[in-house]
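What follows is a single structure, written as structure tokens, with notes after it.
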Number of protein chains: 2
Amino acid sequence: MNSQAIEDYLKAIYKLQVRDSTVLTSVLASYLQVSPSAATGMIKKMAASNLVRHRPYQGVELTAPGEKIALEVIRHHRLVELYLTEALGVPWDKVHDEAEKWEHVLSEDLEDRIDAFLGYPKSDPHGAPIPDRDGKISDRDVCTLSELSTGDKAVIIEVCDEDAEILRYLGEAHLYPRTEVQVTSVTPFDELMTIRIDLGNYISSELVVGQKITTRILVKLLSLDKSPTA
Amino acid sequence: MNSQAIEDYLKAIYKLQVRDSTVLTSVLASYLQVSPSAATGMIKKMAASNLVRHRPYQGVELTAPGEKIALEVIRHHRLVELYLTEALGVPWDKVHDEAEKWEHVLSEDLEDRIDAFLGYPKSDPHGAPIPDRDGKISDRDVCTLSELSTGDKAVIIEVCDEDAEILRYLGEAHLYPRTEVQVTSVTPFDELMTIRIDLGNYISSELVVGQKITTRILVKLLSLDKSPTA
DNA sequence: TGTAAAGTTTAACCGCAGTTAAATTCCACA
DNA sequence: TGTGGAATTTAACTGCGGTTAAACTTTACA
């Protein structure tokens with residue numbers, strides 16, 4: 001069995017690999033809030049167990065076995081997040097921190113029971129996909145809100161779950177997964193985006209959001225008035 | 001915040017104090033499956049934090065702050081045990097081991113939510129009392145099954161939860177909390193006890209049990225055909 | 001009452017995951 | 001192309017909770 005620390009490192013590398021396929025020691029260290037030398041030490045240990053590939057001074061990558069474990073931990077995390085929301089009513093800005101602890105103590109048996117209770121869900125309360133038992137994640141056709149242009153209509157697929165304050169703000173603005181939004185304008189330079197939010201019941205609201213927000217929301221484009229800019 | 005190890009030590013001392021008000025290092029060490037010197041080390045550390053009182057070579061006792069923490073951990077443990085049984089259908093011989101891990105990661109907020117979900121329960125699936133938030137446990141008028149005499153009728157209040165095999169056996173024999181039993185005979189020397197078990201619907205069964213079992217079942221005497229022997 | 005056995009504590013050590021400080025490597029730019 | 005600065009790794013150390021072996025109390029009994 002791997003230690004909780006190793007599980008945390010593997011999960012972190014997995015998440016950082018989404019941006020860059022090879023992860024620099026310093027990036028990993030600052031993500032995990034440890035010193036670069038601590039990260040180096042753990043990287044070497046994980047490399048010795050064939051969980052990661054390490055090219056000294058160049059960065060680190062998950063191996064297949066490492067990725068498998070990372071996906072198991074992420075599956076645990078997201079199942080627990082959804083479970084806490086659905087079964088115990090924990091508000092969505094709190095479930096991440098709770099799940100950080102629970103993900104490491106979840107037995108396979110309990111994982112199955114929670115999965116069944118939830119009806120074998122495909123995504124967590126923030127819209128993040130839940131890997132299946134084999135670690136597979138279904139493909140999604142998404143981009144960040146910040147990539148949209150004026151006139152584009154989209155539905156929110158996922159919001160970043162790691163900042164509780166942002167989540168509270170998004171919740172107040174009704175920016176949940178499945179909410180529809182339309183970009184009504186984008187300012188130059190700061191790229192402040194005015195979006196119309198569909199609140200249901202033929203009600204909508206308008207909101208101006210900056211890149212702190214727009215880069216943390218994943219959407220699926222609905223209308224093609226304009227194509228997303230790369 | 002205390003480490004998981006310290007929480008485990010405090011809980012262990014609490015449980016062992018039920019038998020003997022002062023706990024010997026060797027007893028504690030063997031209960032926790034660590035070496036006596038490891039126990040000594042932790043005892044000294046806990047004594048320095050005023051969690052226990054240590055009389056060298058004589059044994060260890062919880063202080064008031066130590067007992068408070070022990071009761072909090074036990075409350076977590078028993079709430080989790082009941083929650084796993086009620087909400088997720090985990091069989092009663094498995095909940096103890098799961099709860100051993102979960103008790104250390106339960107936030108106060110989640111504790112309250114689980115407590116409310118369960119309707120502020122007073123005992124766990126094995127009949128063990130759940131301390132309230134202040135650490136108070138309601139008094140109970142119980143003795144062990146082994147203390148009863150021929151003819152005594154009693155209702156099972158609690159069964160020891162720490163041995164999964166015994167629990168499976170007890171479950172098959174329908175020896176749950178709230179089951180009524182009557183002692184029909186006791187052999188000399190081995191003190192093998194024949195008990196009649198009320199299975200409900202006017203059905204009962206008979207079973208011969210030894211002291212491994214009878215000392216692990218707490219009962220409340222119903223009829224007073226004979227008083228319990230001290 | 002002296003002593004040996006049993007129990008307890010101390011001492012020296014280990015692995016884990018972190019730290020700071022020093023050495024090393026890499027890379028960009030003059 | 002040589003070199004300075006930034007990033008990375010190594011080295012030396014820390015605290016935690018465990019180990020075994022040795023030293024020390026306590027106690028029971030001859």
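A note on names: the letters A, B, ... follow the listed sequences, proteins ahead of strands, and every chain is numbered from 1. These values consider heavy atoms only, across backbone and side chains, with no hydrogens, waters or symmetry-generated copies. All figures in this text were calculated on a predicted structure; none of them were measured in a lab.
Identified under the salt bridge (charged side-chain N to carboxylate O under 4.0 Å, His left out) test for residues 50-59 of chain A, with sequence neighbours left out: A:Arg53-A:Glu61.
Residues passing the salt bridge (charged side-chain N to carboxylate O under 4.0 Å, His left out) test with A:Arg113 are A:Asp109, sequence neighbours excluded. Residues satisfying the salt bridge (charged side-chain N to carboxylate O under 4.0 Å, His left out) criterion with A:Glu191, sequence neighbours excluded, are absent altogether. In this view, B:Glu81 satisfies the salt bridge (charged side-chain N to carboxylate O under 4.0 Å, His left out) rule with no residue, not counting sequence neighbours. Evaluation of the salt bridge (charged side-chain N to carboxylate O under 4.0 Å, His left out) rule for B:Asp112 yields B:Arg133 as partners, not counting sequence neighbours. A:Asp8 meets the side-chain hydrogen bond (donor to acceptor under 3.5 Å, both in side chains) test with A:His104; sequence neighbours excluded. By the ring-ring contact (aromatic ring centres under 6.0 Å, His included) test, B:His96 is found to be paired with B:His77, residues two or more places apart in sequence or in another chain being considered.
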* Reading nucleotides 23-28 of chain C from the 5' end, what letters show protein touch, with B for base, S for backbone sugar-phosphate only, - for no heavy atom under 4.0 Å? -> -BSSS-
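Atom CD1 in A:Ile43 sits about 10 Å away from atom C1' in D:dT8, given to the nearest Å. Atom CE in B:Met46 sits about 12 Å away from atom C1' in D:dG17, given to the nearest Å. Spacing between atom CD of B:Gln4 and atom C1' of D:dG17 amounts to 12 Å, rounded to whole angstrom units. As rounded to whole Å, 18 Å separates atom P of D:dC16 from atom NE2 of B:His104. Straight-line distance from the CZ atom of B:Arg55 to the C1' atom of C:dG7: 15 Å, rounded to whole Å. Computed from coordinates, the B:Leu28 CG to D:dG18 P distance equals 10 Å when rounded to whole Å. Rounded to whole angstrom, the span from the CD atom of A:Glu7 across to the P atom of C:dC16 amounts to 15 Å.
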Pairs under 3.5 angstrom only: tabulate donor-acceptor contacts from the side chains of residues 13-22 of chain B to other protein residues two or more places apart or in another chain.
{"unit_1": "B:Lys15", "atom_1": "NZ", "unit_2": "B:Glu162", "atom_2": "OE2", "d": "3.1"}
{"unit_1": "B:Gln17", "atom_1": "NE2", "unit_2": "B:Ser21", "atom_2": "O", "d": "3.2"}

Name each donor-acceptor pair under 3.5 Å that joins a side chain in residues 138-145 of chain B to protein atoms two or more places apart or in another chain, with its distance.
{"unit_1": "B:Arg140", "atom_1": "NH1", "unit_2": "B:Gly127", "atom_2": "O", "d": "3.1"}
{"unit_1": "B:Arg140", "atom_1": "NH1", "unit_2": "B:Glu158", "atom_2": "OE1", "d": "3.1"}
{"unit_1": "B:Arg140", "atom_1": "NH2", "unit_2": "B:Glu158", "atom_2": "OE1", "d": "2.6"}
{"unit_1": "B:Thr144", "atom_1": "OG1", "unit_2": "B:Ser146", "atom_2": "OG", "d": "2.7"}
{"unit_1": "B:Thr144", "atom_1": "OG1", "unit_2": "B:Glu147", "atom_2": "OE2", "d": "3.1"}

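The pair B:Arg168-B:Glu172 fails the salt-bridge criterion, with no side-chain N (NZ, NE, NH1 or NH2) lying under 4.0 Å from an Asp/Glu carboxylate O. Taking a cutoff of 4.0 Å between a charged side-chain nitrogen and a carboxylate oxygen, B:Arg78 and B:Glu103 do not qualify as a salt bridge.
Rounded to 10 degrees, the angle separating the terminal helix axes of the helix from C:dT1-D:dA30 to C:dA30-D:dT1, each built from five base pairs, is 30°.
Look at B:Thr40 and you won't find any side-chain N or O under 4.0 angstrom from OP1 or OP2 of C:dT10. A sub-4.0 Å separation between OP1 or OP2 of C:dT9 and a side-chain N or O of B:His54 is present. For B:Lys44, a side-chain nitrogen or oxygen approaches OP1 or OP2 of C:dT10 to under 4.0 Å.
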Measure all distances between protein nitrogen or oxygen atoms and nitrogen or oxygen atoms of nucleotides 18-22 of chain C, and list the pairs falling under 3.5 Å.
{"unit_1": "C:dG18", "atom_1": "OP2", "unit_2": "A:Tyr9", "atom_2": "OH", "d": "3.1"}
{"unit_1": "C:dT19", "atom_1": "OP1", "unit_2": "A:Ser35", "atom_2": "N", "d": "3.4"}
{"unit_1": "C:dT19", "atom_1": "OP2", "unit_2": "A:Ser35", "atom_2": "N", "d": "2.7"}
{"unit_1": "C:dT19", "atom_1": "OP2", "unit_2": "A:Ser35", "atom_2": "OG", "d": "2.6"}
{"unit_1": "C:dT20", "atom_1": "O4", "unit_2": "A:Ser37", "atom_2": "OG", "d": "2.6"}

